Amino acid sequence: MDVKTIALALVALPVLAGCATIPKDAGFPDIQRSVSDRTHHLVQWRGNTIADADVETAVNSFLIRELTVDQAVEIALLNNQHLQAEFEDLGIAQADLVQAGLLKNPVFAASWRFPSQPPRGTNAEYSVAQDFLDLLVIPLRKRVAAQKFENIKLTIGNDVLQHVGEVKIAYYSVQAREQLLVRLRLIVELNQTGAELARRQFEAGTLNDLGLANQEAIAGQSKVDLAQVEMQRVADRERLNRLMGLSGEQITWKIADHLPDIPPQEISIDHLEALAMHQRLDLAAARVELKTIGESLATTSRHRYFSSVEIGLDTERDTGGQRVTGPTLNLQLPIFDQGQAQIARLQAQVRQFQRRFNAMAIDARSEVREIRDRLVAQRGLVEYYRELVPQRTRILALTLQQYNGMLKGPYDLLLAKQSEVATERAYIEAWRDYWIARSQLERAVGGQLPSEIKDAPATESTTTRSSGQ
């Protein structure tokens, strides 16, 4: 083989190896499948597919109707800009994966030297060299990069699932505020009517100053309670707007003003811990990260003594016109740095990530048990309040009857009304906290629960209707 052939081979090898393209989807279909399997929702990477034109139409079609919790989740997965920005990490990781499979560019060198006396010919030297060790390391480097890419996909998938949980929690918070506002507005109307009646009684001389003041104070306090809940509702709606990525005219959506009914049976604790170990993407990402560090350790250990081996071709023409050509070898001598520090560092990282993974698994199991126990406790609390609310309503009605018959004083009526309102508020909050705990349990097991309960508008309970008497 002549000199020109060797030179062309050294130059062409990295050029041919560099003919790699970067896929446009960057592994996003894997995330779509992972999220869909765990939530039955579609996540879309906008700006990356031909389906983007339909996203705005889908979002707007959800917003013109009474928004359900599933629709709120769907809007967030299609529209939230923080998620869309995070999806770009896939493109970065995909580019890193392609880069890991590319050879280093060859190094070309040239020098010209001019003699000070005859012969006057120019001394010219040319060389081209390629890192030969790079050829051996590429498969290992690509395997590590592929594992890092897989880790990125799992991490993004886990972030999407976390976002789903946040949307559900925010939705139920808004819905509870709406339900409480319906009740408080009715109370304000009733107390305003009571205050007007008290003024007429005072003007007729059948009610003293203290009785009038108490009735007006009750009416004023009910307005304060209503204003506070309305302010909290604004904050809750804006939080949900941020999670869904809505702005402008899109924020005028409406939802049902009643929380979903509590399901007839609770989820069994059986297999929930095992489901979390199998389904949680943060644990899967930690497993891949641990494997990646192990691969890096193996690669570093295997090539610890020779970090660079360059093979090339050099040709020189002396001043007399004679040409000398031959191969070159550049080799770093492992005299001082034998990779011992880097190996020790990677070994420590392997142990560190192993313990972190063990800790994550322990924490995940504990989290599932804790939230499931809280879910059961919240269910019991809702049932207690469901029995207590009609009792408070009946006490208020009887107190009002006796007050009108001059058998009870204004303080008794004030206390009965305050107790009834406080009980109803606590009932709605316990009802809300049940659904929040359920959403948190979904997040703790890494996706859908074994027996998913679809949301349905809650029927108006007899206790709610009677409380307006």
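Here the structure is a predicted model, which means the values were calculated and not measured.
- Atom OH of Y384 has 12 or fewer heavy atoms from other residues, nucleotides or ligands within 6.0 Å.
- Qualifying side-chain contact (heavy atoms from CB on, under 4.5 Å) partners for R239, counting only residues two or more places apart in sequence or in other chains: E166, I169, A170, R242, L243.
- For Q94 against G27, the heavy-atom pair with the smallest separation is OE1-N, 4.2 Å.
- The shortest distance between side-chain heavy atoms of Y171 and S439 does not fall below 4.5 Å.
- Between the side chain of R33 and the backbone N or O of F28, no donor-acceptor pair lies under 3.5 Å.
- A pairwise comparison of heavy atoms in S61 and A58 identifies OG-O, 2.6 Å as the closest pair.
- If you check the side chains of S34 and R38, you find a donor sitting under 3.5 Å from an acceptor.
- Q175 and W435 share no side-chain donor-acceptor pair at under 3.5 Å.
- No side-chain heavy atom of Y385 sits under 4.5 Å from any side-chain heavy atom of V382.
- For the pair L63/N60, a side-chain contact is recorded, criterion being any heavy-atom separation below 4.5 Å from C-beta on.
- Between E420 and R183 there is a salt bridge, with a side-chain nitrogen of the basic residue lying less than 4.0 Å from a carboxylate oxygen of the acidic one.
- The heavy-atom pair separating V144 from S296 by the smallest distance is CG1-OG, 3.8 Å.
- In this structure, R369 pairs ionically with E273, as a charged nitrogen and a carboxylate oxygen lie closer than 4.0 Å.
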Q32 and L42: CA distance, side-chain angles, deciding distance, side-chain contact (heavy atoms from CB on, under 4.5 Å) verdict: CA-CA 7 Å; Q32 285 182 312; L42 173 68; 4.0 Å; yes

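- In this structure, R372 has no salt bridge (Lys or Arg N to Asp or Glu O under 4.0 Å) partners at least two apart in sequence or on a different chain.
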Verdict with supporting geometry, L297 and V350, side-chain contact (heavy atoms from CB on, under 4.5 Å): CA-CA 8 Å; L297 175 60; V350 168; 4.3 Å; yes

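- Taking NZ from K142 and CD from Q147, the interatomic distance works out to 13.5 Å, rounded to the nearest 0.5 Å.
- The shortest distance between side-chain heavy atoms of D225 and R425 falls below 4.5 Å.
- Inspection of the Q354 and N358 side chains reveals an N or O donor paired with an N or O acceptor under 3.5 Å.
- By the 6.0 Å and 45° rule, K153 stacks over the aromatic ring of F149.
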Stepwise side chain to side chain donor-acceptor pair (under 3.5 Å) check, R374 with Q440: CA-CA 10 Å; R374 186 165 72 246; Q440 291 172 336; 2.4 Å; yes

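- Between H163 and E86, every side-chain heavy-atom pair lies at or beyond the 4.5 Å cut-off.
- Within a 6.0 Å radius of CD in Q99, other residues, nucleotides and ligands contribute 12 heavy atoms or fewer.
- For the pair S366 (side chain) and D363 (backbone), a donor-acceptor distance under 3.5 Å is absent.
- Separation of atoms CG (L184) and CD (Q228) is listed at 10.0 Å; rounding is to 0.5 Å.
- In terms of heavy-atom proximity, L346 sits nearest to I293 at O-CG2, 3.9 Å.
- Between the side chain of R237 and the main chain of I251, a donor-acceptor pair closer than 3.5 Å is present.
- Residues L381 and Y427 are not in side-chain contact: their nearest non-hydrogen atoms beyond the backbone lie 4.5 Å or more apart.
- Taking CG of D433 as the reference point, atom CZ of R438 lies at 15.0 Å (rounded to 0.5 Å).
- Put simply, the side chain of Q84 gets close to the backbone of R46: a donor and an acceptor are under 3.5 Å apart.
- The environment of CZ in R345 is sparse: at most 12 heavy-atom neighbours from other residues, nucleotides or ligands sit within 6.0 Å.
- Distance alone, capped at 3.5 Å, places no donor-acceptor pair between the N80 side chain and the M244 backbone.
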Verdict with supporting geometry, R280 and L161, side-chain contact (heavy atoms from CB on, under 4.5 Å): CA-CA 9 Å; R280 283 182 60 145; L161 295 179; over 6 Å; no

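- Of the inter-residue distances, the one linking L240 atom CG with D236 atom CG reads 9.0 Å to the nearest 0.5 angstrom.
- In this structure, the side chain of Q279 engages the main chain of V445 through a donor-acceptor pair within 3.5 Å.
- Relative to the six-membered ring of W253, R65 misses at least one condition, a distance below 6.0 Å or an angle of at most 45° to the axis.
- No donor-acceptor pair closer than 3.5 Å links the side chain of E289 to the backbone N or O of F353.
- Between the CG atom in D257 and the CD atom in E178 there is a gap of 7.0 Å [rounded to 0.5 Å].
- Judged purely by atom type and a 3.5 angstrom limit, Q81 uses its side chain to pair as donor or acceptor with the backbone of N79.
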H41 and D70: CA distance, side-chain angles, deciding distance, side-chain contact (heavy atoms from CB on, under 4.5 Å) verdict: CA-CA 8 Å; H41 285 292; D70 286 333; 3.7 Å; yes

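- L281 places none of its side-chain heavy atoms less than 4.5 Å from the side chain of V160.
- Here the side chain of N151 pairs a donor or acceptor atom with the backbone of A285 at under 3.5 angstrom.
- What you find for L283 and A364 is that their closest heavy atoms are CD1-CB, 4.4 Å.
- For E295, the salt bridge (Lys or Arg N to Asp or Glu O under 4.0 Å) partners two or more places apart in sequence, or in a different chain, are R143.
- Considering every non-hydrogen atom in both L83 and A76, the closest pair reads CD1-O, 4.0 Å.
- Considering CZ of R185 and CG of L180, their distance stands at 10.0 Å, rounded to 0.5 Å.
- E442 places no side-chain N or O within donor-acceptor distance of the main-chain N or O of Q448, the cut-off being under 3.5 Å.
- Within the 4.5 Å cutoff, side-chain heavy atoms of I436 are placed close to those of S173.
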